[in-house]
Amino acid sequence: MQQVYISNHPLVQHKLTMLRDKNTDHRAFRDLVYELALLLCYEATQDLKTETVTVETPMGTAKGQKAKETIGLVPILRAGLGLVDGVMELLPNVQVWHIGLYRDEKTLRPVQYYNKLPTAPTVQICLVLDPMLATGGSAVATVDILKNWGVERIKYLGLLAAPEGIEKLTTAHPDVPIHVAAVDERLNEIGFIVPGLGDAGDRQFGTG
Ligand code: PRP
């Protein structure tokens with residue numbers, strides 16, 4: 001089963017290249033993250049379930065399709081925040097549930113610091129949002145949390161992945177499709193994607 005989807009849309013590739021450029025400033029970087037989120041979301045939601053409805057047009061009656069699932073957006077704090085607005089712009093019926101994780105600098109393992117999910121799931125499908133799939137630790141931990149919550153359909157939507165992260169997420173959760181703009185060469189010794197785009201959180205929020 002092919003579960004890794006790399007967008008080859010020219011607009012996605014154009015915007016990704018601008019995002020990688022170290023001369024792209026914070027404001028432009030945030031705009032690009034927003035636009036890429038919107039484009040990747042369009043591709044990642046091709047199998048969204050719909051139901052047949054009838055509407056009155058000015059000229060008569062038309063049958064059409066209406067999205068029927070409630071979608072949970074799950075940005076991983078903090079870098080995942082930048083992907084929320086673009087995805088929300090596009091999707092009807094969304095809820096946003098934040099998960100706070102940071103990577104321990106020495107072990108590179110994710111440490112959870114925020115989770116306010118209610119006891120029972122309130123959505124049918126979740127999109128995990130995080131620009132970078134590096135070691136894959138944060139993504140696996142987030143999908144673990146969502147499966148324990150009771151969500152059955154989960155997708156990962158990010159900008160860039162390392163082969164190591166793809167391997168870790170597909171091994172732990174082979175049922176979770178991965179949608180990204182590119183898979184890069186490798187991780188370096190401090191867990192950054194190479195050539196990558198630097199630290200997506202710092203570049204969005206000006207903290208680098
Ligand atoms: C970065 C990134 C991912 C995570 C990916 O977050 O935004 O959440 O690392 O790494 P992994 O695949 O090895 O787990 P970071 O820990 O830098 O926190 P931040 O988003 O708050 O900057």
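Counting convention: from 1, in listed order, for ligands and their atoms alike. Residues take their numbers from the sequence shown, with the count starting at 1. Just so it is clear, the structure is predicted and the values come from calculations on it, not from any experiment.
Closer than 4.0 angstrom to ligand 1 by heavy atom are Leu77, Arg78, Ala79, Tyr102, Arg103, Asp130, Met132, Leu133, Ala134, Thr135, Gly136, Gly137, Ser138, sorted by chain and number.
Applying the salt bridge (charged side-chain N to carboxylate O under 4.0 Å, His left out) rule to pairs touching residues 143-165 yields Asp47-Arg153, Asp47-Lys155, Glu69-Arg153, Lys147-Asp175, sequence neighbours excluded.
Listed by chain and number, the residues in a salt bridge (charged side-chain N to carboxylate O under 4.0 Å, His left out) with Lys15 are Glu35 (sequence neighbours excluded). For the salt bridge (charged side-chain N to carboxylate O under 4.0 Å, His left out) test, no residue two or more places apart in sequence or in another chain qualifies with Asp104.
Arg78 and Asp202 are joined by a salt bridge, as a carboxylate oxygen and a charged side-chain nitrogen come within less than 4.0 angstrom of each other. Using a cutoff of 4.0 Å between basic side-chain nitrogens and carboxylate oxygens, Asp184 and Arg20 are scored as salt-bridged.
Judged purely by distance below 3.5 Å, without hydrogens or angles, the side chains of Tyr102 and Gln112 never pair a donor atom with an acceptor atom.
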